[in-house]
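Encoded as structure tokens, the structure appears first; notes follow it.
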Amino acid sequence: MLKFNFEQKSNSSYKVLCLGAHCDDIEIGCGGTILRLIESYPDLVFYWVVFSSNLHREKEAYHSANKFLEKVIEKNIIIKQFQDGFFPFIGIEIKQFFEELKQDYHPDLIFTHSRHDLHQDHRLISDFTWNTFRNHLILEYEIPKYDGDLGNPNFFVHLTENICKDKINYILDSFPSQSQKQWFTEETFLSILRLRGIESNAPNKYAEAFYCRKVVF
């Protein structure tokens, strides 16, 4: 099991890149870890990219990103309009955006989708992340959904109960358009945090989990 020390404070700038295929993916997959990073490190820079949206969900996505990054001074939030469900068929346009992103931003840490996610949009974003950023620490987050593709992650971030509550409340408050979906509930989001907390023996019961394919010391 890999462990990362969040307790040591640092005054140096640390650049984080968050990539999500859809408007709530980043928040669901790594929102708690983002909040813990912000709580632990005073000088973070965030680049937050959502690839698929529409005009209504775009407003929700901006609201949510700004809520999670409320204490971050330097941040760039980008909401793209690539067609939901069609990413493999419009890969050229998405790949071009990744190439532009690589020129604009040089992150220390990247959050992206899991390679083994069964949603085609998620999987393509993961593939392009690894293809584009080849000298970076990449953590792949998980999204619970009907596909039943949750696996055995190897990187755990322990969370406090307050961070979990904030994460869940921010998601539920920011995305009212999703409230009628049967999976979009406090129970869903808390259950996976509790499960990963059990697996990693979290002292406060909760954790987020990631797939970390490569670590270089």
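Throughout, numbering of the chain's residues begins at 1 and tracks the sequence.
Here salt bridge (charged side-chain N to carboxylate O under 4.0 Å, His left out) pairs that include residues 163-189, with residues two or more places apart or in two chains, are E161-K165, K167-E208. Among pairs with a residue in residues 188-198, those fulfilling salt bridge (charged side-chain N to carboxylate O under 4.0 Å, His left out) read E142-R196, R196-E199, at least two apart in sequence or across chains. For residues 58-82, every residue pair satisfying the ring-ring contact (aromatic ring centres under 6.0 Å, His included) rule, not counting sequence neighbours, is listed here: F68-Y170.
In this structure the side chain of H136 reaches within 4.5 angstrom of the side chain of P107, judged on heavy atoms. Here the side chains of C212 and L137 are in contact, with some heavy-atom distance below 4.5 Å. Within the 4.5 Å cutoff, no side-chain heavy atoms of I26 are placed close to those of V49. At least one side-chain heavy atom of H113 sits less than 4.5 Å from a side-chain heavy atom of I143. Side chains of I192 and L150 form a contact here, defined as non-hydrogen atoms less than 4.5 Å apart. At least one side-chain heavy atom of V16 sits under 4.5 Å from a side-chain heavy atom of F111. Under the 4.5 Å side-chain criterion, counting only non-hydrogen atoms from C-beta, D121 is in contact with D84. Using a 4.5 Å heavy-atom cutoff, the side chains of Y14 and Y41 are not in contact.
Listed by chain and residue number, E99 satisfy the salt bridge (Lys or Arg N to Asp or Glu O under 4.0 Å) test with K95 (two or more places apart in sequence, or in another chain). Remark: E140 pairs with R213 by the salt bridge (Lys or Arg N to Asp or Glu O under 4.0 Å) rule, at least two apart or across chains. Among residues two or more places apart in sequence or in another chain, the salt bridge (Lys or Arg N to Asp or Glu O under 4.0 Å) test is passed with D117 by K145. For K67, the salt bridge (Lys or Arg N to Asp or Glu O under 4.0 Å) partners two or more places apart in sequence, or in a different chain, are E70. H56 meets the ring pair (Phe, Tyr, Trp, His ring centres under 6.0 Å) test with no other residue; sequence neighbours excluded. For D24, the side chain to side chain donor-acceptor pair (under 3.5 Å) partners are R57, not counting sequence neighbours.
Nearest heavy-atom pair across C164 and L159 is SG-CB, 3.9 Å. Among all heavy-atom pairs drawn from E27 and A65, the shortest one is OE2-N, 4.1 Å. Taking both residues in full, the closest heavy atoms of F128 and G91 are given as CE1-O, 3.5 Å, listed atom of the first, atom of the second, then distance. Nearest heavy atoms, A21 versus V50: O-CG1, 4.3 Å. Residues S126 and T112 come closest through the heavy atom pair CA-OG1, 4.0 Å. Closest of all the heavy-atom pairs between D149 and L118 is OD2-N, 2.8 Å.
Distance alone, capped at 3.5 Å, is enough to place a donor-acceptor pair between the T188 side chain and the W183 backbone. Side-chain atoms of S179 come within 3.5 Å of backbone atoms of P176 as a donor-acceptor pair (strictly under, hydrogens ignored). Y211 places a side-chain N or O within donor-acceptor distance of the main-chain N or O of N152, the cut-off being under 3.5 Å.
Hydrophobic clustering (ILVMFWY, side-chain heavy atoms < 4.5 Å, transitive): I110 and F210 are in distinct clusters. Cluster annotation: F46 is not connected to L19 through the hydrophobic network of ILVMFWY side chains, with a link wherever side-chain heavy atoms come within less than 4.5 Å. By the rule that hydrophobic residues join a cluster once side-chain heavy atoms approach within less than 4.5 Å of another member, L101 and L109 end up as members of separate clusters. Both F155 and L35 are members of a single hydrophobic cluster when ILVMFWY side chains are connected at heavy-atom separations under 4.5 Å. A continuous path of ILVMFWY side-chain contacts below 4.5 Å connects F133 to I78, so both sit in one hydrophobic cluster.
Between the side chains of E60 and S177, at least one donor-acceptor pair of N or O atoms lies under 3.5 Å. Between the side chains of Y47 and N76, at least one donor N or O sits under 3.5 Å from an acceptor N or O. Using modelled atom types, one finds a donor on one side chain and an acceptor on the other under 3.5 Å when comparing H122 with D25. No hydrogens or angles considered: nothing links the side chains of Y206 and H158 as a donor-acceptor pair under 3.5 Å. D147 and H119 share no donor-acceptor pair across their side chains, judged by distance under 3.5 Å alone.
Considering CG of D43 and CD1 of I38, their distance stands at 12.5 Å, rounded to 0.5 Å. Interatomic distance, L69 CG to L44 CG, rounded to the nearest 0.5 Å: 9.5 Å. We find the CG-OG1 distance between L17 and T129 to be 7.5 Å, quoted to the nearest 0.5 Å. Taking CZ of R36 as the reference point, atom CG of N162 lies at 13.0 Å (rounded to 0.5 Å). In this structure, CD1 in I28 is found 8.0 Å from CD in Q178, a value given to the nearest 0.5 Å.
Counting Ile, Leu, Val, Met, Phe, Trp and Tyr side chains that sit under 4.5 Å apart, directly or through other members, I198 stands alone, with no cluster partners. In this structure, F86 shares a hydrophobic cluster with F89, the cluster being traced through Ile, Leu, Val, Met, Phe, Trp and Tyr side chains under 4.5 angstrom apart. Through direct or relayed side-chain contacts under 4.5 Å between Ile, Leu, Val, Met, Phe, Trp and Tyr, L55 connects to no other residue.
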Next on the checklist: Between K75 and N66, does the side chain to side chain contact (heavy atoms under 4.5 Å, CB included) criterion hold? Intermediate values first, please.
Outcome noted: CA-CA 9 Å; K75 54 196 170 188; N66 280 302; 4.1 Å; yes
Next on the checklist: If you apply the rule side chain to side chain contact (heavy atoms under 4.5 Å, CB included), what do you find for I79 with I77, and how did you get there?
Outcome noted: CA-CA 7 Å; I79 313 295; I77 302 168; 4.1 Å; yes
Next on the checklist: For a side chain to side chain contact (heavy atoms under 4.5 Å, CB included) check, start with the C-alpha distance between N131 and D127, then their side-chain angles and the critical distance, and finish with the verdict.
Outcome noted: CA-CA 6 Å; N131 181 258; D127 289 343; over 6 Å; no
Next on the checklist: Apply side chain to side chain contact (heavy atoms under 4.5 Å, CB included) to residues F87 and I125 and explain how you reach the verdict.
Outcome noted: CA-CA 8 Å; F87 282 18; I125 296 302; 4.0 Å; yes
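Heavy atoms from other residues, nucleotides or ligands lying under 6.0 Å from CG of D104 number more than 12.
Aromatic ring orientation, F97 versus F51: perpendicular (interplanar angle above 60°, classes split at 30° and 60°).
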